[in-house]
Amino acid sequence: MKKMSLAAAAVAGLVTALPAAAQFQKPGDAIEYRQSAFTLIASHFGRVAAMAQGKAPFDAKVAAENIAIVSTLAKLPLTAFGPGTDKGHGTEAKAAVWSDAAGFKAAADKYVAAVEKLDAAGKTGDFAQIKAAVGETGGSCKGCHDKFKEK
Ligand code: ASC
């Protein structure tokens with residue numbers, strides 16, 4: 001019993017030490033994970049984007065809360081584009097994600113950098129800074145979608 005629990009602890013330790021991508025048991029799990037993460041990011045980013053576009057009243061506290069969530073979630077889907085996750089589960093990822101891995105990484109890096117700026121802007125509570133950072137972040141979403149996402 002003691003040995004079993006030690007083994008279980010060793011496995012748990014190994015799993016947490018591996019790159020995040022290794023947590024998926026099946027390719028479909030990774031696809032669903034990245035889709036779920038993008039859904040949440042789009043929802044929270046969308047609330048801030050609506051304020052930036054004047055479609056919702058600007059509230060610095062609400063903007064900061066939503067930006068903090070975007071910031072926390074931003075990198076999660078990027079761990080879920082491993083080999084074999086290019087088909088099924090309604091994925092809209094284009095083959096270019098894997099055939100142009102360098103291009104995909106460049107687009108992902110641009111998005112991560114934009115979200116870092118958005119995070120900093122959210123902390124200032126300044127509308128102009130948030131608006132500019134929303135524009136850059138939205139542009140990075142679109143830039144990646146144009147090349148790497150169907151539709
Ligand atoms: C969003 C959202 C996206 C991006 C993109 C920007 O709010 O859900 O995918 O912005 O539309 O062009």
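Both ligands and their constituent atoms are indexed starting at 1 by order of listing.
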Atom 9 (O) of ligand 1 [closest protein heavy-atom partner, distance rounded to 0.1 Å]: H145 CE1, 3.1 Å

Of all the atoms in ligand 1, which lie at a distance below 4.0 Å from a heavy atom belonging to A42? 8 (O)

Report the distance from atom OG1 of T72 to atom CG of L40, rounding to the nearest 0.5 Å. 11.5 Å

Please tell me if the side chains of Y33 and T79 come closer than 4.5 Å, counting only heavy atoms from C-beta onward. yes

What distance do E92 atom CD and K149 atom NZ have between them, rounded to the nearest 0.5 Å? 4.5 Å

In terms of residue, atom name and distance, what is the protein heavy atom nearest to atom 10 (O) of ligand 1? F45 CE2, 3.7 Å

Would a distance-only check, ignoring hydrogens and angles, find a side-chain to backbone donor-acceptor pair under 3.5 Å from D100 to A96? no

Grab the two heavy atoms, one from F148 and one from F104, that are nearest each other, plus how far apart they are. CZ-N, 3.3 Å

A student comparing G135, S140, G138, G139 should find that the heavy atom closest to atom 6 (C) of ligand 1 comes from G138

Which protein heavy atom lies closest to atom 4 (C) of ligand 1, and at what distance to 0.1 Å? C141 CB, 3.6 Å

Considering non-hydrogen atoms of the protein only, which is the closest contact for atom 12 (O) of ligand 1, and what is the distance? K142 CB, 3.3 Å

